[in-house]
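Take a look at the structure set out below.
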Amino acid sequence: MYTMTIAQAREKLARGEISSVELVQSVLARIDAVEDRTKAYLALDREGALAAAEEADRKGGDSPLHGIPLSVKDVFCTKNLPTTCGSKMLAGFIPPYDATVIERLSDAGAIMLGKVAMDEFAMGSTSENCAFQVPENPWKPGYVTGGSSGGSAAAVAAEECFASLGSDTGGSIRQPASLCGIVGMKPTYGRVSRYGLVAFASSLDQVGPLTKDVRDCALMMNVIAGHDPRDSTSIVRDVPDYTTMLTEGLQGMRIGVPREYFGHGLDPEVDRAVRDGIAMLADAGAEIVDVTLPHTEYCVAVYYLIAPAEASSNLSRFDGVRFGHRDMDADSLIDMYRSSRSQGFGDEVKRRILIGTYALSAGYYDAYYKKASQVRTLIRDDFTRAFEQCDLLVSPVTPTPAWKIGEKSDDPLALYLSDILTISANLAGIPALSVPCGISQNGLPIGMQMQAAHFNEGILLKAAWNLEMQNGLNLKKPTLP
Ligand code: GLN
């Protein structure tokens, strides 16, 4: 049963052929079989999930996720489960409330299985910055899942849940989805509520689904999208039924191929897989146009100023007073701040706080933060101009498939550079997704990125569904014990 999609499981539940308890039991057995290998779950709530499934079966119902077991990244506040953000700083923290998206999932009938691994405070591209365990790519032992939503991607790819929620500040949903061969979408900034998402960089963070196929992504979006008065950046705008758009066809769609995204450093296998995907979209009736995003080369520099600047401010609340680990042996207030933060945060988080504090400091603010914000506007304008010529942009998600755990972990700059193709969508606030488009010689998945203008998630889903129907990669699964 665990091999079904949400759509398939819902059909069987609706017809009474299976129960939610059976679904949960099947997924729990799957977790028992593969979790040693994937290390996706930080917290698993067996009893809670079974009790919720019993209740779902007893009550019955046809809400869109009724009876479906899901996992969520450990960055969302959950009332009854620990929320650690993959950090010692928050070990054992149980929030007093649920994030809006958690409420929405549960109102839609979903069953919460547990919380999955991530890079500490969502900072990273491999999930190796998780303080508790490093998840492994289901496609190849010893390889990274990507990050920061690596536990989500591993759990979905290994079918240890039907879908998962992640967060994406610079690629953290799309990149692990690509490296683990599943679908992941970062919606438009403001489309999904951030209330109860522990903040990394508030002007970039967005919540989104990681799913086994494109239809499930549309189903999840139908549930999580929409206005929330508790998030001041959440937009008042109707949510379309994304599932009805999937089958509309690509006739007349203009697809832009941004030159700058196929440059130096792109693995030839990734290049080929993405170009094969583009050919399939053209066969389906789309017109392919060459476009340019001239400020692409500045994206990494701009992101690695703005994101750490916002992070240094957001993470200042973790000082052991109200939030976070406290060093009980400290003998003065300053000493307590210093040692609590030194003990609680890992190296990458400290590095970001240092960069961000420096970039925001008096004397450097104009040269770094202000300048980065101005270049950010130029990057957004690039997209505005590109979307006058096309409806959709296609590219690779990452320059290479997954790499070995440990291979790049002592080279932060190499990791920052690997974000080059995903961070522009966050800087511009536009929606983007990753959909499988190939498998390398080495047996590792390759994803295609699709980006569209603000609030055009429907166009992304339509094109991705079309590609998936042609390449059938949603049916390809990793071999696990
Ligand atoms: N890899 C990027 C970073 O380390 C993006 C992370 C994210 O999207 N949360 O900041």
Side-chain angles (χ1 to χ4, degrees), residues 72-76 85-87 116-130 134-135 144-153 164-180 184-187 189 192 194 197-210 299-312 314-315 345-356 359 372 376 397-400 402-403 408-434 447 449 451:
V72 300
K73 185 177 182 176
D74 206 17
V75 73
F76 297 103
C85 294
S87 181
V116 285
M118 58 183 283
D119 281 305
E120 184 174 8
F121 286 103
M123 297 173 191
S125 311
T126 61
S127 301
E128 290 164 289
N129 297 334
C130 182
V134 179
V144 297
T145 55
S148 63
S149 311
S152 292
S164 192
L165 276 190
S167 63
D168 189 311
T169 306
S172 277
I173 291 174
R174 290 160 285 157
Q175 189 256 22
S178 173
L179 301 190
C180 291
M185 170 139 105
K186 179 202 97 71
Y189 186 77
V192 179
R194 292 182 297 111
L197 163 72
V198 178
F200 164 8
S202 308
S203 76
L204 302 163
D205 297 341
Q206 248 307 276
V207 177
L210 294 100
C299 286
V300 173
V302 167
Y303 173 86
Y304 279 99
L305 284 167
I306 291 180
E310 294 184 15
S312 73
N314 276 327
L315 270 57
F345 289 135
D347 287 349
E348 183 60 27
V349 173
K350 285 177 188 161
R351 188 177 295 127
R352 306 275 178 119
I353 292 172
L354 289 170
I355 297 173
R376 180 178 186 175
V397 183
T398 57
T400 66
W403 51 92
K408 300 188 192 174
S409 45
D410 51 5
D411 188 355
L413 196 57
L415 289 172
Y416 295 177
L417 286 171
S418 76
D419 295 332
I420 187 155
L421 304 170
T422 48
I423 56 194
S424 47
N426 303 75
L427 291 168
I430 57 173
L433 63 68
S434 171
Q449 176 169 242
Q451 305 182 81

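Whatever order the structure lists ligands and atoms in, that order sets their numbers, starting from 1.
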Study note, to complete from the structure: min-distance protein heavy atom vs atom 3 (C) of ligand 1 -> Tyr304 OH, 3.3 Å
Check your understanding: Is the shortest N/O to N/O distance between Met123 and ligand 1 below 3.5 Å?
Key -> no
Practice item. Walk me through it: do Ser125 and Gln175 pass the test side-chain hydrogen bond (donor to acceptor under 3.5 Å, both in side chains)? Key: CA-CA 8 Å; Ser125 311; Gln175 189 256 22; 4.8 Å; no
**Study point:** Proximity of Phe200 to ligand 1 by residue part, where a heavy atom lies under 4.0 Å
**Key:** side chain
Point to revise | Check: Asp419 side chain, Val300 main-chain N or O, donor-acceptor pair, under 3.5 Å | key: no
Check your understanding: Quick one: does Arg174's side chain have a donor or acceptor within less than 3.5 Å of a partner on Ser434's backbone?
Key -> no
Check your understanding: Nearest to atom 5 (C) of ligand 1, what protein heavy atom do you find, and at what distance?
Key -> Tyr303 OH, 3.3 Å
Check your understanding: Can any side-chain N or O of Asp205 pair as donor or acceptor with the backbone N or O of Ala199 at less than 3.5 Å?
Key -> no
Review point. N/O of Gly147 under 3.5 Å from N/O of ligand 1, yes or no?
Key: no
Exercise for review: State, without any angle test, whether Lys73 and Ser152 hold a side-chain donor-acceptor pair at a distance under 3.5 Å.
Suggested key: no
**Study point:** Those atoms of ligand 1 less than 4.0 Å from some heavy atom in Ser148
**Key:** 9 (N)
Study note, to complete from the structure: re atom 9 (N) of ligand 1, the protein heavy-atom contact at minimum distance is Ser172 OG, 2.7 Å
Check your understanding: Counting each atom of ligand 1 from 1 as listed, which ones have a heavy atom of Gly170 under 4.0 Å away?
Key -> 5 (C), 7 (C), 8 (O)
Practice item. Using atom types as modelled and distance alone, determine if a side-chain donor or acceptor of Asp119 lies under 3.5 Å from a backbone N or O of Asn129. Key: yes
Review point. Where the side chain of Thr422 meets the backbone of Gly170, is there a donor-acceptor pair that is under 3.5 Å apart?
Key: yes
**Study point:** Sub-4.0 Å heavy-atom contact, Gly124 with ligand 1
**Key:** yes
Revision key, fill the gap. For Ala122, the ligand 1 atoms with a heavy-atom partner under 4.0 Å come out as 6 (C), 7 (C), 9 (N)
Practice item. Answer with side chain, backbone, both or neither: which part of Glu348 has a heavy atom less than 4.0 angstrom from an atom of ligand 1? Key: neither
Review point. How far is atom 2 (C) of ligand 1 from its nearest protein heavy atom, and which residue and atom name does that atom have?
Key: Asp419 OD2, 3.1 Å
Exercise for review: Could you tell me whether a side-chain N or O of Gln206 sits under 3.5 Å from a main-chain N or O of Val192, the two making a donor and an acceptor?
Suggested key: yes
